[in-house]
Structures are given as C-alpha cells and as structure tokens.
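To start, the structure itself, in structure tokens.
Quick note on labels: first sequence line is chain A, next is B, and so on, each numbered from 1.
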There are 2 protein chains.
Amino acid sequence: MERSPITRRSRGTGRVRIEDVARAAGVSTQTVSRFLRAPAQVGPEASARIAAAILEVGYVPNLVAGSLASNRSRIVAIIVPTLANPVHAQPVQGLSDALRPQGFQVLVGTTDFQAETEAALIHAFIGRRVDGLAVTGGSFAEPSRQLLEAAGTPVVQLWELPEQPFDMTVGLSNAAIGARMAAHFAERGYRSLAVIGHAEASDTRSAGRVTGYCAEAKRLGLADPLVLLPQRPMLIRDATPLLDRLVIQGVEAVFCTSSQLSVVLLLNTRRLGLAIPSDLAIGGIDSDFATLVDPAITAIRVPAYDVGLKAGRLLLRRLAGEPVPERRIDTGFTFIQRGST
Amino acid sequence: MERSPITRRSRGTGRVRIEDVARAAGVSTQTVSRFLRAPAQVGPEASARIAAAILEVGYVPNLVAGSLASNRSRIVAIIVPTLANPVHAQPVQGLSDALRPQGFQVLVGTTDFQAETEAALIHAFIGRRVDGLAVTGGSFAEPSRQLLEAAGTPVVQLWELPEQPFDMTVGLSNAAIGARMAAHFAERGYRSLAVIGHAEASDTRSAGRVTGYCAEAKRLGLADPLVLLPQRPMLIRDATPLLDRLVIQGVEAVFCTSSQLSVVLLLNTRRLGLAIPSDLAIGGIDSDFATLVDPAITAIRVPAYDVGLKAGRLLLRRLAGEPVPERRIDTGFTFIQRGST
DNA sequence: TGGCGCACTGTTAACGCTAACATGAAGCAG
DNA sequence: CTGCTTCATGTTAGCGTTAACAGTGCGCCA
C-alpha cells in the first residue's frame with residue numbers, strides 16, 4: 001500500500017498569518033507574538049520593524065488559535081432573562097464597559113426565563129472556554145453547578161446576595177428596599193400602608209421587597225400593610241379597581257414594587273379625583289418616567305448598570321490572579337424623594 | 001548540542017478531551033467528532049456507545065479547538081451604540097433568538113456612539129473569526145471596510161436602507177415614517193402641522209423622519225410644517241416653552257420623532273389647559289408608555305426586535321451557503337391610531 | 001578577567017479538534 | 001461473480017497560535 005506523497009489539498013485559509021509578519025520583519029513568530037501580547041519584552045528596533053510589517057501585510061491576529069494555545073479566551077459570558085427589559089440589558093452594558101478596556105469581549109445569552117435554556121447556555125459557554133461567567137439570579141440546576149465547578153470558571157451571580165454564593169455575587173437586598181420605603185412612609189406620617197407586588201412566585205425580587213416592607217412596618221409599630229398581588233402584568237385598565245380598593249381600605253401610602261406599576265397607578269388617580277400625595281402617597285422603583293409624571297414619583301433607584309460594572313471588575317481581578325477579598329458585593333440603592341409622597 | 005528527551009512540562013489542561021470519549025466508546029476520535037456534528041453519519045451501535053461514553057467521562061467539546069480546525073466559529077457579533085436604550089437592545093435579542101437554535105452564540109459590542117470604538121470592535125471581532133457581523137447604522141470607516149472585505153465576513157447593517165448596501169441590510173425608511181404621519185394628519189383634517197425632531201446631525205434617523213414628513217406635507221398641498229429641533233434631550237421643563245410656541249403659531253397637529261418626546265409633551269398639555277386632540281393633536285413613536293397616558297398616543301411602531309431577528313435569518317441563510325436573493329430587507333413599520341389624533 | 005544576571009530572541013512541541021483522504025464491508029445491477 | 005456505489009469508520013496532517021525552554025550577547029561587578 002504505497003501512499004502517494006503529499007497531494008492533499010491545503011486547509012490554509014489564505015489569510016495573513018503571524019508567520020507572514022515574522023518573515024516581513026525578519027524575526028521569529030514568537031517575537032511577533034510577544035510584540036502583540038507583551039510589547040515591553042521586545043527590543044525597540046524589532047518592535048518598529050514588526051509594527052511596520054503588521055501594517056504592510058495587513059495582519060489581524062487569529063484569536064481563536066491564540067485561545068487554543070494559551071487556554072485563555074478573553075471572552076466573558078453573561079446570561080440574562082431578556083434584553084427587552086432595560087433592568088437586564090443595563091448590566092450587560094456595565095459588564096461590557098468594564099471588560100472592553102482589558103481586551104475582553106462579551107458573549108450574551110438570553111434565557112427568556114427558561115431554566116433549561118440557561119443550562120444549555122452554560123454548557124455552550126463552557127465549551128467556548130469562556131474566562132468568566134455572569135449569571136442573572138441565584139440558583140443553577142445541579143448539572144450546571146457540576147459543570148462550572150469542573151471547568152473552574154469564575155462565576156458572578158447578579159442581583160442576589162445569598163449568604164453562601166456559588167462563587168462570587170453582586171447584588172442588593174430587596175428586603176432592604178422594601179424596608180427603606182416603609183421607613184420613609186412612617187417618617188412622613190403615613191400610618192395606613194399598602195404594597196402592590198407581583199404574584200408570580202418566581203419573582204423573588206418583588207417577594208423580597210414585599211417581605212422587607214411588611215417587616216419594617218411591623219417593627220415601626222404600624223398596622224400590617226395591605227398586600228396586593230395582581231396576577232397579570234399591570235395594564236392600564238387594571239389600575240382603577242386597584243385604586244378603588246386602596247381608597248375603600250383607607251390606605252394612605254402605597255409602595256409599588258415595579259417601576260411601571262407606580263406610573264400606571266399615578267396616571268389613573270386623576271380620573272378618580274385623587275390628589276397626590278394628600279389623598280394617596282405613591283412610592284415606586286425609579287425609571288425614566290418617574291420624573292415625567294406630575295407629581296414626580298418618589299422612588300428607589302436600583303443600580304442596574306453598576307451591577308454589571310462591578311461584576312466585570314470582580315471577574316477582572318480574579319482573572320488577573322489577584323485575591324478577591326469580597327466575594328459578596330452589596331451595591332446598595334438610592335432613595336429619591338419626589339412629589340408623590 | 002544534545003537535546004535531553006522530553007522533560008518538557010505538559011501543557012494539557014487536564015480536562016476531558018474527545019480522545020477520552022473515543023477510548024471509552026472504542027471508536028476513533030473522528031467518529032466521536034462526527035457523532036457531535038453530523039449524527040446521521042454514525043451507525044446506531046457506535047452512536048449509543050458514544051452517547052454513553054460522553055456522559056460517563058463528562059465531556060464538553062472544546063469549541064475553540066473546533067473553530068480553529070474547521071475555520072468556523074459559530075459566533076455572530078453585533079455592534080450597537082448602547083444597550084441602555086431598548087431600541088438598540090431589542091435587535092440583539094432578536095438576533096440571539098434567531099441564532100441560538102442553530103447553535104450560534106452572540107458577541108455584543110457597544111460603541112457609545114464612538115466611531116473609533118466601532119472600528120476597534122470590528123478589528124477584534126474579525127480577530128475572533130466571527131462567522132457574521134451585524135452593525136447598527138450605515139457607514140463604516142475605510143479601514144473597517146477593507147478589513148471586512150479581506151476577511152469575507154458576511155455583514156448586515158441594521159436600521160438603514162442604503163441603495164447600495166455594503167453587503168446586506170435590514171431596516172426601514174425613516175422618510176416613509178414621517179410621510180405616513182403627515183398623511184395621517186392630513187386625512188384627519190389637520191392643516192397646520194409641526195414636527196419636533198432632534199438637532200444632532202448624527203441622528204440621521206430623526207432627520208430622515210423630519211424630511212419625509214415635510215415632503216409629504218408639501219405633496220399634499222399643506223403649508224410647510226413648523227420644524228423644531230431642540231438642542232438637548234427633551235426634559236420635562238422643556239415641554240412648556242415648546243407647547244407655548246406651538247399654540248402661538250396655531251399648530252393643529254405635531255409629530256414627535258422620538259418616543260419619549262410625545263409622552264413628555266402630552267403630559268404637559270394639561271397644565272396649559274390644552275385639550276387633546278381638539279386643541280392639539282400629537283403623534284409619536286410607540287413605546288410602552290404611549291398607551292399609559294390619557295389619551296393614548298397615536299404612534300408608529302418600529303419593529304426593533306424584528307430588525308435583529310431578520311438580520312439573524314439573513315446571516316443564517318448566507319452561512320448555510322444558500323443564495324440570499326434579497327440583500328436589502330425593508331421591515332416596514334406599524335401605524336397605530338389612538339386617542340391623541 | 002571571569003562569572004553572573006539580564007534583556008532579548010529563537011526553537012520545538014503542543015493546544016484539541018476537524019478536513020481530507022483511505023479503507024473495508026455490504027449492497028446491487030448486469 | 002465482477003465492478004461499482006454506498007455506508008461506516010479509520011488515519012494523517014494540519015488549523016495558527018503560544019508555553020516552555022534554550023540560547024546569545026552585553027554590561028557590570030568582584
């Protein structure tokens with residue numbers, strides 16, 4: 001069985017390689033590689049010739065090959081439920097801004113709130129050998145945990161502050177948000193409180209806010225707040241019955257745990273002839289529209305951009321091999337008093 | 001110069017490789033590779049043993065190595081100005097949804113409207129050997145064009161409809177949007193029109209809408225609309241002087257070229273005692289809040305999600321080697337009449 | 001003057017996968 | 001039974017880079 005000598009078709013991509021640069025500059029490929037990754041290690045004449053050669057031949061380094069050889073991809077992935085909601089899109093922006101200066105790129109995956117999609121994304125991202133991963137929410141399924149542990153990929157959870165994070169976490173306390181609003185209402189002299197949350201059990205964020213709000217009301221000696229949990233997302237026509245209910249119950253101040261809710265509510269008070277805040281005080285979560293309505297809405301601003309930014313910085317520190325003393329970062333939140341309370 | 005035999009430290013990552021699966025299943029690595037990429041080519045017994053072996057040894061394919069060998073990364077990149085604005089975040093979601101089922105991942109880059117950042121991102125993405133690229137807006141700088149042409153990467157431009165796209169494009173005509181609103185106003189009997197746009201020259205979107213609006217007004221024999229181009233982004237306190245101006249000039253209907261603008265304007269009409277639409281009709285661009293105000297705002301909905309989705313499908317067709325007859329896709333837009341006109 | 005360290009550059013062998021080609025067995029028409 | 005095709009699988013040689021190691025030459029100090 002004689003084998004014919006190399007007649008095999010070349011697999012080359014025809015693109016400029018590091019070798020072409022090396023030849024044009026009269027150095028070895030390794031020197032070119034060093035020039036790109038650690039310029040300080042390369043002498044001035046060689047640097048000048050390499051820089052010229054790169055422009056001359058039009059070289060764009062193949063980062064895929066580099067990743068394979070170095071076992072570092074310089075890619076960080078982020079998993080969010082959806083990009084349609086700015087509260088989830090902003091952390092992606094923050095992460096991207098933190099990482100870009102260091103030459104990292106961001107892979108995004110959206111789950112549409114499906115746990116199995118999240119698991120599939122984690123699998124795919126580990127396959128891509130991402131250097132780090134940011135995941136919205138607090139809990140992964142067991143196979144994902146094992147996968148991540150086996151891969152040793154640094155992971156940051158976003159928005160949650162579990163006592164024992166899986167690896168690292170950046171978030172804030174929703175209970176503290178609720179408590180802060182309750183304390184504000186108490187301070188302003190409102191005695192009869194209510195809160196409108198979200199019925200879906202998976203929305204732990206809203207649930208935490210409701211819990212913190214009620215706990216603080218109790219601690220301050222107020223009556224138990226009226227807790228309303230509409231089933232559906234809030235629409236404009238749902239506002240009137242809700243408001244009726246609040247008025248009938250003699251509620252003086254209401255906290256809406258989502259940003260849209262407070263705006264919808266406020267826009268509908270006028271129809272019922274309610275004066276804000278004298279007949280009813282409204283507190284909510286901040287958004288662009290909280291300041292557009294009249295009166296502007298007292299609100300708590302959650303630092304969505306910061307969550308991503310700080311997650312990115314945490315990952316960078318870890319990837320640089322620096323110690324990360326604080327594996328659990330509380331971003332806090334901002335309370336903004338406006339006319340509605 | 002005798003060289004000592006292999007004492008070199010292994011560079012292996014210690015992770016499970018395709019070879020481990022092959023050994024456990026009693027087949028060659030190539031068969032495992034085929035099982036993963038083209039299962040139909042692998043016999044049933046071998047398939048069963050490979051599937052079992054993968055679970056047994058906990059194999060996660062290294063897609064970086066695969067990309068290098070096959071020269072296909074199964075990554076598509078998208079460049080947007082910012083993710084803070086839903087109109088730009090939505091196409092990312094659409095692209096992601098179109099590509100995920102086919103095993104593609106999405107790399108996002110944000111430019112913050114800086115041309116040089118865009119160029120740097122394009123360079124980095126080509127270095128990553130992305131299989132396709134979606135870019136917001138119509139024009140790249142010359143070095144980027146050359147880079148993209150040399151790399152042969154399929155490119156979709158988003159939001160624009162140039163006569164001669166660089167490669168492919170998915171967008172809509174802003175002039176048509178303006179014209180549609182002008183036609184609507186004319187049809188409803190409004191004779192004295194105005195438009196509030198955006199002064200920044202880089203905002204070609206707003207400029208196109210203004211142009212189309214005025215052209216259609218002229219075509220319909222109406223007087224030239226009053227064109228207002230506020231310098232700053234619209235704040236609540238800017239609304240009153242603008243409204244004053246509209247009233248003084250006897251304007252009957254105004255078109256706001258951005259979504260927030262129309263809401264701000266409408267929310268401020270009440271203070272001035274203006275009745276909508278009898279004293280002033282307001283048309284705008286759709287957003288969540290267009291239906292929350294009273295009256296709800298007649299608006300044009302731009303299909304941001306669809307722009308990304310269709311861009312993704314276009315790229316997929318191209319990457320599958322299918323012919324792409326329509327390199328220029330007009331997504332159109334939706335006109336929604338509500339109470340404000 | 002010799003020895004040592006430092007700065008710079010070069011050589012070799014992976015990294016983990018897949019394209020291209022090869023092989024062998026089975027099917028099948030003539 | 002021959003020659004041809006098809007199917008399933010194996011073998012070989014990269015893909016383009018970087019880690020690890022090996023010089024080489026120079027300056028500096030004892």
Short side-chain N/O contact from A:Arg72 to OP1 or OP2 of D:dA19, under 4.0 Å: yes
Every protein N/O within reach of nucleotides 25-28 of chain C N/O, cut-off under 3.5 Å:
none

Under-4.0 Å side-chain N/O to phosphate OP1/OP2 contact, A:Ser33 with D:dT18: yes
Atom CD of A:Gln164 with >12 non-hydrogen neighbours under 6.0 angstrom: no
Flag for B:Thr110-A:Gln93: side-chain donor and acceptor within less than 3.5 Å: yes
Touch class at under 4.0 angstrom, heavy-atom based, for B:Tyr59 against every strand present: sugar-phosphate
Any side-chain donor near an acceptor of the partner, A:Gln105 and A:Arg74, under 3.5 Å: no
Nearest to side-chain heavy atoms of A:Arg17, which nucleotide of D:dG16, C:dT9, D:dT18: D:dG16
Any B:Arg37 side-chain N or O less than 4.0 Å from OP1/OP2 of C:dT18: yes
Nearest-nucleotide pick for A:Leu68, side chain only, options being C:dC15, D:dG14, C:dG10: C:dC15
B:Glu19 and B:Arg23 ion-paired at < 4.0 Å: yes
Nucleic acid contacts of residues 18-28 of chain A, taken as heavy-atom distances under 4.0 Å to DNA chain C: A:Val27, A:Ser28
Base C:dG16 to side chain A:Arg129, donor-acceptor N/O within 3.5 Å cut-off: no
B:Glu322: partners by salt bridge (Lys or Arg N to Asp or Glu O under 4.0 Å), with sequence neighbours left out: B:Arg317
Closest to the B:Asn62 side chain, choosing from C:dC17, D:dT9, D:dA20: C:dC17
Side-chain N or O of A:Thr31 closer than 4.0 Å to phosphate OP1/OP2 of C:dT9: no
